[in-house]
Structure formats: structure tokens, C-alpha cells
Amino acid sequence: MPDVPTLAELGVPGVNAGVWFGAVVKTGTPAAAVERLNDAIHQAMKDPEVVKRFADQGMQAFPSTPAQFGSFMQSEMTKWGPLVKASGASIE
């Protein structure tokens, strides 16, 4: 959409609002199960068909450890939580 200005062009610099997906498990899931699931997901993300399917949809995998993903999710909640609260949005 070449005629639509970016947020930076509209005077709102520094916004990084990409879409992401991840896998989570219930709190208290044994660490061994979490690691096993994480390893399986990492293996799947290396499969050429999976890589192609992601690429065909404009996506790219960024494998991480459970701790890294937890930190990322926390940073996203810190960044976007106040905006969601201020908007009055709710889950129905």
C-alpha cells in the first residue's frame, strides 16, 4: 500500500507492532515436558515444507528457549497492556 503513510511518517516514531505467534503451556507443566515440546517445535520449524508455508504467508520463524519466549511475552504485555486497558477492550 504505497500511498498509505507509515506511523513514523505520521509523526509517531518507534512503533514496532508486528504480529507474532507462539506456543504456551499451562503453568506448572513439568520442565521436561516443556523442553520436549520446545525441541519438537524447533525440529518442525526446520522442515522445508514448514519453512516454505511460513514464507508463503510472509512469516518467518524465530525459535527461542522457553525462558526467552517468556521474557518476550512479558515485554509485550508491558508495552501493550496500558494501551489495551486505556482502550476499554475486553474479551467476550
Side-chain angles (χ1 to χ4, degrees):
M1 297 176 45
D3 296 328
V4 176
T6 65
L7 288 173
E9 291 169 339
L10 292 172
V12 185
V15 175
N16 182 359
V19 175
W20 56 267
F21 301 90
V24 297
V25 296
K26 184 177 177 181
T27 299
T29 300
V34 172
E35 288 299 325
R36 185 171 167 202
L37 179 59
N38 193 55
D39 290 345
I41 291 169
H42 282 207
Q43 283 303 111
M45 292 291 117
K46 293 177 186 175
D47 182 296
E49 287 185 35
V50 173
V51 172
K52 181 182 181 329
R53 181 164 286 200
F54 272 55
D56 288 348
Q57 297 177 52
M59 297 188 299
Q60 180 180 3
F62 292 98
S64 65
T65 66
Q68 289 168 329
F69 186 58
S71 293
F72 170 75
M73 286 180 51
Q74 185 61 49
S75 72
E76 289 290 277
M77 287 186 284
T78 299
K79 178 170 45 173
W80 297 109
L83 180 63
V84 172
K85 287 178 184 174
S87 76
S90 65
I91 297 174
E92 296 184 31

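What you see is a predicted model, and the numbers here were worked out from it, not measured in a lab.
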Could you tabulate the donor-acceptor pairs under 3.5 Å formed by side-chain atoms of residues 83-92, not counting sequence neighbours?
| from | atom 1 | to | atom 2 | distance (Å) |
| --- | --- | --- | --- | --- |
| S87 | OG | V84 | O | 2.7 |
| S87 | OG | A89 | N | 3.1 |

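Partners of E76 according to the side-chain contact (heavy atoms from CB on, under 4.5 Å) rule, which considers only residues two or more places apart in sequence or in another chain, are W20, F72, K79, W80. P48 is linked by a side-chain contact (heavy atoms from CB on, under 4.5 Å) to nothing, counting only residues two or more places apart in sequence or in another chain. Every residue two or more places apart in sequence or in another chain that forms a side-chain contact (heavy atoms from CB on, under 4.5 Å) with E49 is listed here: D47.
Nearest heavy-atom pair, G22 versus F69, reported as atom, atom and distance to 0.1 Å: CA-CZ, 3.5 Å. Of all heavy-atom pairs between M73 and V24, the closest is SD-CG1, 3.8 Å.
Cluster partners of M45, using a side-chain heavy-atom cutoff of under 4.5 Å among ILVMFWY residues and allowing indirect links, are V19, F21, V25, V34, L37, I41, V50, F54, M59.
Within the structure, side-chain hydrogen bond (donor to acceptor under 3.5 Å, both in side chains) contacts touching residues 22-37 (residues at least two apart or in different chains) do not occur.
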